[in-house]
Amino acid sequence: MSRRALLAGNWKMHLTIAQAVELAQAVAAACADCRDRDVMLAPPFTALAGVAQALQGSNIFLGAQNVAWEAQGAFTGEIAPPMLIDIGVRMVIIGHSERRQIFLEDNAMINRRLRAALEFGLIPVLCIGETLEERESGATFAVLEKQLRGALHDVPPGQAEQIVLAYEPVWAIGTGKTASTEQAQEAHHFLRNLLADIYNKKLAETIRVLYGGSVKPDNIDALMAQADIDGALVGGAALQVESFKRIIRFQ
Ligand code: PGA
């Protein structure tokens, strides 16, 4: 089973509209011949419209960094799925560790966001991952299982096949400390078995599992060589065109 690679850039709370448009144009130019892999860019909400225009005619997926669970209503500060679709968004990051840790999003809330995204036809990039403390106490797999089962609660297989999963060890995000290829592959393999247990083996073989956490030009090739690593969710290195270009062109 060969899964199509996905290289995703999460721009977090960075870049003005003009800077985002410039970076998107540069990435689109660099990706003009990317036929065997998918690329996604997730700018901040304020830059979505500009980046959508910059990506017109390219095959890059426009992504958002979060999504509300209702179609509209009194939810100050939130953005509804139809609003994202209206602007051209096709993928959405859900459950990023910064949302979990800083904004206290729990598995139940992440599950609501995920189900709403799926209902409206957005492709969720569901993030899960353990903290350093959890890893050091031997709780990694238990934490991953709780996060994955919680997020997928009541998600039928027909919808689950749309999901992209991202394993992002919290201790590796923005720290320059990448998980070793063995640590990453071990976690990805565990997650694929877990998906087979929750759904079935065939579905587990089709779902893409990305690695995230200090992905850089000098470690992307080794990560992508692992059997269960199907792509990368990239923060810091996605903000510079040269480094992201090298990541997209992994060998
Ligand atoms: P990083 O961020 O690449 O800067 O570590 C990854 C992420 O938060 O998705």
Side-chain angles (χ1 to χ4, degrees), residues 6-14 40 42 44 63-67 69 91-114 117 124-153 155 163-195 197-198 204 207-216 218-220 222-224 226 228-239 247:
L6 171 62
L7 295 310
N10 173 11
W11 293 353
K12 307 193 180 183
M13 198 171 71
H14 293 289
M40 182 268 261
Q65 297 176 20
N66 207 353
V67 64
W69 57 81
M91 290 189 177
V92 59
I93 298 169
I94 294 174
H96 190 280
S97 67
E98 285 147 22
R99 298 302 315 174
R100 294 176 189 261
Q101 297 203 310
I102 307 170
F103 301 100
L104 308 182
E105 294 195 11
D106 60 11
N107 289 324
M109 187 188 286
I110 288 159
N111 172 250
R112 294 175 83 177
R113 294 191 191 278
L114 182 87
V125 179
L126 169 66
C127 303
I128 61 174
E130 82 286 358
T131 62
L132 185 59
E133 199 186 352
E134 289 162 344
R135 176 162 282 268
E136 286 177 343
S137 68
T140 297
F141 291 158
V143 168
L144 295 180
E145 177 158 6
K146 188 159 180 226
Q147 290 178 343
L148 189 59
R149 287 190 189 275
L152 295 177
H153 182 69
V155 176
I163 295 172
V164 175
L165 188 59
Y167 168 61
E168 298 206 300
V170 179
W171 47 273
I173 295 178
T175 58
K177 230 170 125 179
T178 333
S180 69
T181 49
E182 292 78 17
Q183 284 172 324
Q185 166 59 23
E186 182 190 35
H188 282 231
H189 187 67
F190 170 79
L191 292 171
R192 204 173 301 285
N193 284 339
L194 193 54
L195 286 168
D197 188 60
I198 298 170
I207 291 180
R208 290 181 287 187
V209 187
L210 314 184
Y211 170 79
S214 298
V215 173
K216 301 278 183 281
D218 63 5
N219 57 29
I220 185 68
L223 287 164
M224 292 304 292
Q226 304 302 308
D228 289 291
I229 300 183
D230 307 315
L233 182 53
V234 187
L239 289 168
I247 289 168

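No experiment lies behind these values; they were computed from the predicted model shown.
Using a 4.5 Å cut-off on side-chain heavy atoms (C-beta onward), Thr131 and Gln101 make contact. Contact check for Ile229 versus Val209: no side-chain heavy atoms found under the 4.5 Å cut-off. Using a 4.5 Å heavy-atom cutoff, the side chains of Ile94 and Val125 are not in contact. Side-chain contact between Trp171 and Glu133: absent, with no pair of heavy atoms (C-beta onward) separated by less than 4.5 Å. For the pair Pro44 and Lys12, the minimum side-chain heavy-atom distance is 4.5 Å or more. Looking at Gln226 and Glu182, their side chains never come closer than 4.5 Å, going by heavy atoms from C-beta outward. Counting only heavy atoms from C-beta outward, the side chains of Gln147 and Arg100 approach each other to under 4.5 Å. A 4.5 Å side-chain heavy-atom check between Val170 and Leu132 finds every atom pair outside the cut-off.
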*asked:* Run the side chain to side chain contact (heavy atoms under 4.5 Å, CB included) test on His96 and Glu105 for me, step by step, so that the C-alpha distance in whole Å, both residues' side-chain angles and the decisive distance to 0.1 Å come before the verdict.
replied: CA-CA 9 Å; His96 190 280; Glu105 294 195 11; over 6 Å; no

*Checking side chain to side chain contact (heavy atoms under 4.5 Å, CB included) for the pair Leu148/Leu165: CA distance, chi angles, key distance, verdict?*
CA-CA 9 Å; Leu148 189 59; Leu165 188 59; 3.7 Å; yes

*Before giving the answer on side chain to side chain contact (heavy atoms under 4.5 Å, CB included), spell out for Leu7 and Met40 the whole-Å C-alpha distance, their side-chain angles and the decisive distance to 0.1 Å.*
CA-CA 6 Å; Leu7 295 310; Met40 182 268 261; over 6 Å; no

*Show your reasoning for whether side chain to side chain contact (heavy atoms under 4.5 Å, CB included) applies to Ile93 and Asn66.*
CA-CA 5 Å; Ile93 298 169; Asn66 207 353; over 6 Å; no

*Run the numbers on Asp230 and Arg192 for salt bridge (charged side-chain N to carboxylate O under 4.0 Å, His left out), then give the verdict.*
CA-CA 11 Å; Asp230 307 315; Arg192 204 173 301 285; 2.8 Å; yes

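For the pair Gly129 and Val143, the tightest heavy-atom approach, listed with the atom from each and the gap, is O-CG1, 4.3 Å. Heavy atoms only, all atoms of each residue included: Gln65 and Met13 are closest at OE1-N, 4.5 Å. For Pro169 against Tyr211, the heavy-atom pair with the smallest separation is CD-CE1, 3.7 Å. Pairing each heavy atom of Gly213 with each of Thr178, the nearest pair is O-CG2, 3.4 Å.
The distance from the CG atom of Leu195 to the CD1 atom of Ile163 is 8.5 Å, given to the nearest 0.5 Å. Once rounded to the nearest 0.5 Å, the distance linking CG of Leu233 with CD of Glu168 reads 4.5 Å. Of the inter-residue distances, the one linking Ile110 atom CD1 with Leu114 atom CG reads 9.5 Å to the nearest 0.5 angstrom. Atoms NE2 and CD, on His189 and Glu186 in that order, are 9.5 Å from each other to the nearest 0.5 Å. Between atom CG of residue Asp197 and atom CG of residue Leu191 there is a gap of 12.5 Å, rounded to the nearest 0.5 Å. Atom CD of Glu98 is separated from atom CG of Asn10 by 7.0 Å, given to the nearest 0.5 angstrom.
Judged purely by atom type and a 3.5 angstrom limit, Gln185 uses its side chain to pair as donor or acceptor with the backbone of Asp228. Using modelled atom types, one side-chain atom of Ser214 and one backbone atom of Gly176 make a donor-acceptor pair closer than 3.5 Å.
With hydrogens and angles left out, the side-chain atoms of His153 and Asn111 include no donor and acceptor closer than 3.5 Å. Side-chain polar atoms of Asn107 and Arg149 form no donor-acceptor pair below 3.5 angstrom. Glu130 and Tyr167 share a donor-acceptor pair across their side chains, judged by distance under 3.5 Å alone.
Aromatic ring pairs are classed by plane angle as parallel below 30°, tilted from 30° to 60° and perpendicular above 60°; the pair Phe190 and Phe141 is parallel.
Look at Arg99 and Asp106 and you find no salt bridge, because none of the NZ, NE, NH1 or NH2 atoms lies under 4.0 Å from a carboxylate O.
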